[in-house]
Amino acid sequence: MSTSEPEASRSPDDRATPDSLLHSAPGSGVAPEDLVMASGRDVTPETLEWARKKMEREGPNCVERLLP
């Protein structure tokens, strides 16, 4: 489907995701597990400790640097 097609001709499933759904919204309670998974690492005691320390230093917004 080309981007020049009128909106009415697109299927209901062919819509852009609203911007508000693309962000992690760190104010909503980012956990160390979230940071570990966003970094692409396995959740282990070591990576959880890394995430806790990073969040202490940089705050919960540090996950935004890893996500779109």
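- Partners of Arg52 by salt bridge (Lys or Arg N to Asp or Glu O under 4.0 Å), not counting sequence neighbours, listed by chain and number: Glu49.
- Of all heavy-atom pairs between Ala51 and Pro32, the closest is CB-O, 3.5 Å.
- Put simply, CG on Asn61 and CE on Met55 are 9.5 Å apart, with the number rounded to the nearest 0.5 Å.
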Counting only pairs under 3.5 Å, give me each side-chain donor-acceptor contact of residues 33-40, with atom names and distances, residues two or more places apart or in other chains.
residue : atom : partner : partner atom : Å
Asp34   : OD2  : Ala31   : N            : 2.8
Ser39   : OG   : Val36   : O            : 2.6

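- In this structure, Thr44 and Thr47 approach most closely via the heavy-atom pair N-OG1, 2.9 Å.
- Remark: Arg65 pairs with Glu58 by the side chain to side chain donor-acceptor pair (under 3.5 Å) rule, at least two apart or across chains.
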